[in-house]
Amino acid sequence: MSILKITTALSLSRSFSLSSSPSHSFPLQRRIVSMSAIGTRNPVISLESMAISPPSHPTYDLKAVISLALSEDAGDRGDVTCMATVPDDMEVEAHFLAKEDGVIAGISLADMIFNEVDPSLKVEWYQRDGNYIHKGMQFGKVQGSAHKIVIAERVVLNFMQRMSGIATLTKAMAEAAHPACILETRKTAPGLRLVDKWAVLIGGGQNHRMGLFDMVMIKDNHISIAGGVTNSIKAVDLFLNQKNLKMEVEIETRTLEEVKEVLHYASQNETSVTRIMLDNMVVPLPNGDVDVSMLRQAVGMINGRFETEASGNVTLDTVKKIGQTGVTYISSGALTHSVKALDISLKIDTELALQVGRRTNRA
């Protein structure tokens, strides 16, 4: 079969059902990566080969997430537009284009998706996850069955655009927060917990707890139900001791009095608490600035005895000032719950795509 150049943009309707396990390798820059040799399925691929590996989770099934994404596009009939317009034996080459500046993320996940759709597709990347890309840049390409490329296109882009948006904001926040470390929260898209947190790592942030299972986090409602700060810490210490569990323990505080109560308990008892959250101690001012004096005072009271985490009123405009208070971590739900997708596309006719992009100031 010959490779044909087609002068139309890729269509948006897709179909495919998964039948193989997700596996991929992360390509080096400028190296063509064949997701498998033609006729070979399920190449043995190591997560260690990725630029940045996904975070671990005991039950998360990334294969199932990819399968669901492809299946919801396919429905019960498949890609009817592709069936009507794209010959089964046609091969093409499609190029990834950046339509705005940002941090690229999701390249490793894209490899997985292409491999699930058709292991014979050949993918070449010119950038790695975490690299900065610029508007108009071609940063990768895929070659092979036109039908299968069109099927994979929207699912690949949906993941990459979301992950790149998260990574771009995380990068900006992490740089501004230094020397504090930036964290996301559990405010992720349902079903995309691992994917969203992976994007944060790619952007240079660190992961907060993955879920309810890997860290004890005593929040305001737990404190209210337990009957106060001291009672909630006592209950956690007793539970962990009885279950012979060792894990990080964080307690949320909302006032300086609650900080003092944690410190007093810890001075009188052996406790499992490792971090104190200082919630909403960043106070917005009418002029748009923030007052961090309460946060700074709390950090001074703790004086390095515990890790500290600032939460609340964290934005790209305020995070630098918060980071200068001496707090260990700064957590921001906005990294994942208010993400702006990075505009990227996958095009066969790149010349026309760039011409249109320049006309609309997106190339």
Original post:
With respect to H95, which candidate in E124, Q143, Q138 satisfies the side chain to side chain donor-acceptor pair (under 3.5 Å) definition?
Top reply: Q138
Original post:
Under 3.5 Å, side chain of S67 to main-chain N/O of A64, donor-acceptor pair present?
Top reply: no
Original post:
Checking R186 side chain against R209 main chain: does a donor-acceptor pair fall under 3.5 Å?
Top reply: no
Subject >> Under 3.5 Å: donor-acceptor pair, side chain of W198, backbone of R193 >> reply: no
**OP:** Could you tell me whether the side chain of L109 reaches within less than 4.5 Å of the side chain of L62, counting heavy atoms only?
**Re:** yes
**OP:** Apply the test side chain to side chain contact (heavy atoms under 4.5 Å, CB included) to residues E309 and E252: give CA-CA distance (whole Å), side-chain angles for both, the deciding distance (0.1 Å), then the verdict.
**Re:** CA-CA 9 Å; E309 177 185 332; E252 176 182 324; over 6 Å; no
Original post:
Is H57 reaching over with its side chain to a backbone N or O of T59, donor-acceptor style, under 3.5 angstrom?
Top reply: yes
Subject >> Partner residues of R254 under the salt bridge (charged side-chain N to carboxylate O under 4.0 Å, His left out) criterion, sequence neighbours left out >> reply: E258
Subject >> Donor-acceptor contact below 3.5 Å, side chain T318 vs main chain N313 >> reply: yes
Original post:
Short question: side chain of R154, backbone of V150 - any donor-acceptor pair under 3.5 Å?
Top reply: no
**OP:** Apply the test side-chain hydrogen bond (donor to acceptor under 3.5 Å, both in side chains) to residues S145 and E91: give CA-CA distance (whole Å), side-chain angles for both, the deciding distance (0.1 Å), then the verdict.
**Re:** CA-CA 4 Å; S145 165; E91 293 198 350; over 6 Å; no
Original post:
Does any donor atom in the side chain of D237 or Y265 lie under 3.5 Å from an acceptor atom in the other side chain?
Top reply: yes
Original post:
When Ile, Leu, Val, Met, Phe, Trp and Tyr are grouped by side-chain heavy atoms lying under 4.5 Å apart, directly or through other members, which residues fall in the same group as Y329?
Top reply: L183
Subject >> Minimal non-hydrogen separation, G191 against V65, with atom names >> reply: O-CG2, 3.8 Å
Original post:
Quick one: side-chain contact (heavy atoms from CB on, under 4.5 Å) partners of A235, sequence neighbours excluded?
Top reply: none
Original post:
Do the side chains of T230 and E261 get nearer than 4.5 Å, heavy atoms only?
Top reply: yes
**OP:** Return the set of residues passing side-chain contact (heavy atoms from CB on, under 4.5 Å) with A176 (not counting sequence neighbours), or none when no residue passes.
**Re:** V319, K320
Original post:
So, E100 and K340, do they make that salt bridge, N to O below 4.0 Å?
Top reply: yes
Original post:
Does atom CD of E257 have more than 12 heavy-atom neighbours, drawn from other residues, nucleotides or ligands, at distances under 6.0 Å?
Top reply: yes
**OP:** State yes or no: are the ring centers of F139 and F96 separated by less than 6.0 Å?
**Re:** yes
Original post:
So, E184 and H208: side-chain donor and acceptor under 3.5 Å apart, yes or no?
Top reply: no
Original post:
How about H337: does its NE2 atom have over 12 heavy atoms from other parts shown lying under 6.0 Å from it?
Top reply: yes
Original post:
Nearest 0.5 Å, what's the CD1-CG distance between I166 and L201?
Top reply: 11.0 Å
**OP:** For L157 and L346, work out which heavy atoms get closest and say how close.
**Re:** CD1-N, 3.8 Å
Subject >> Pair D196 + R162, salt bridge at N-O below 4.0 Å >> reply: yes
Subject >> side chain to side chain contact (heavy atoms under 4.5 Å, CB included) between H147 and M90, intermediate numbers included >> reply: CA-CA 8 Å; H147 198 139; M90 179 177 289; over 6 Å; no
Original post:
So, does T274 use its side chain to make a donor-acceptor pair with the main chain of V249 at under 3.5 Å?
Top reply: yes
**OP:** Output the distance between atom CG (N221) and atom OG (S232), rounded to the nearest 0.5 Å.
**Re:** 12.0 Å
**OP:** For D317, check side-chain contact (heavy atoms from CB on, under 4.5 Å) against everything at least two apart and list the hits.
**Re:** T315
Original post:
Do D214 side-chain atoms and M210 backbone N/O form a donor-acceptor pair below 3.5 Å?
Top reply: yes
**OP:** Using distance alone, with no hydrogens and no angle criterion, decide if D118 and S120 have a side-chain donor and acceptor under 3.5 Å apart.
**Re:** yes
Subject >> Derivation and outcome, side chain to side chain contact (heavy atoms under 4.5 Å, CB included), residues M173 and L335 >> reply: CA-CA 9 Å; M173 293 271 264; L335 292 179; 4.0 Å; yes
Subject >> Under-4.0 Å salt bridge between D343 and K135 >> reply: no
**OP:** Answer yes or no: does atom CG of N244 have more than 12 heavy-atom neighbours from other residues, nucleotides or ligands under 6.0 Å?
**Re:** no
Original post:
Going by atom types alone, do T308 and T328 pair a side-chain donor with an acceptor below 3.5 Å?
Top reply: yes
**OP:** List for me each residue that meets side-chain contact (heavy atoms from CB on, under 4.5 Å) alongside S164, sequence neighbours excluded, and say none if there are none.
**Re:** I104, A105, L342
Original post:
Heavy atoms, side chains only, cut-off 4.5 Å: are K99 and I344 in contact?
Top reply: no
Original post:
Is there a chain of hydrophobic side chains (I, L, V, M, F, W, Y, each step under 4.5 Å between heavy atoms) that links L295 to L285?
Top reply: no
Subject >> Heavy atoms from other residues, nucleotides or ligands near NZ of K321 exceed 12 (cutoff 6.0 Å) >> reply: yes
Original post:
Is the closest side-chain heavy-atom distance between V155 and D73 below 4.5 Å?
Top reply: yes
Original post:
Is there a donor-acceptor contact under 3.5 Å from the side chain of H222 to the main chain of K219?
Top reply: yes
**OP:** Quick one: pull up CD in E153 and CG in N158 and give me the separation to the nearest 0.5 Å.
**Re:** 9.0 Å
Original post:
Quick one: CD on E116 to CG on L70, what's the gap to the nearest 0.5 Å?
Top reply: 8.0 Å
Subject >> F159 versus V195, closest heavy-atom pair with distance >> reply: CD2-CG1, 4.1 Å
Subject >> Heavy-atom donor-acceptor pair, N131 side chain to V103 backbone, under 3.5 Å >> reply: no
Subject >> Contact summary for H134 and A98, nearest pair of heavy atoms >> reply: O-CB, 3.3 Å
Subject >> N280 side, atom CG; M294 side, atom CE - distance, nearest 0.5 Å >> reply: 9.0 Å
Subject >> Minimum heavy-atom distance W125-G140, with the two atoms named >> reply: CE3-CA, 3.9 Å
Subject >> Side chain proximity check, I223 to I251, heavy atoms < 4.5 angstrom >> reply: yes
**OP:** Would you check if Q297 and L256 make a side-chain contact, meaning some heavy-atom pair closer than 4.5 Å?
**Re:** yes
Subject >> Single-linkage hydrophobic cluster I202~M137, side-chain heavy atoms < 4.5 angstrom >> reply: yes
Original post:
In Å and rounded to the nearest 0.5 Å, what is the CD to CZ distance from Q324 to R296?
Top reply: 7.5 Å
**OP:** Compare every heavy atom of A177 with every heavy atom of I330, then report the nearest pair and how far apart it is.
**Re:** CD1-CB, 3.9 Å
Original post:
Is there a path from L192 to M160 through hydrophobic residues (I, L, V, M, F, W, Y) whose side chains come within less than 4.5 Å of each other?
Top reply: yes
Original post:
Passes side chain to side chain contact (heavy atoms under 4.5 Å, CB included), T253 versus L278? Steps please.
Top reply: CA-CA 5 Å; T253 60; L278 308 170; 3.5 Å; yes
Original post:
Just wondering, do E248 and M215 contact through their side chains at under 4.5 Å, heavy atoms?
Top reply: yes
Original post:
Hey, are the side chains of S272 and V216 touching, using non-hydrogen atoms and a 4.5 Å cut-off?
Top reply: no
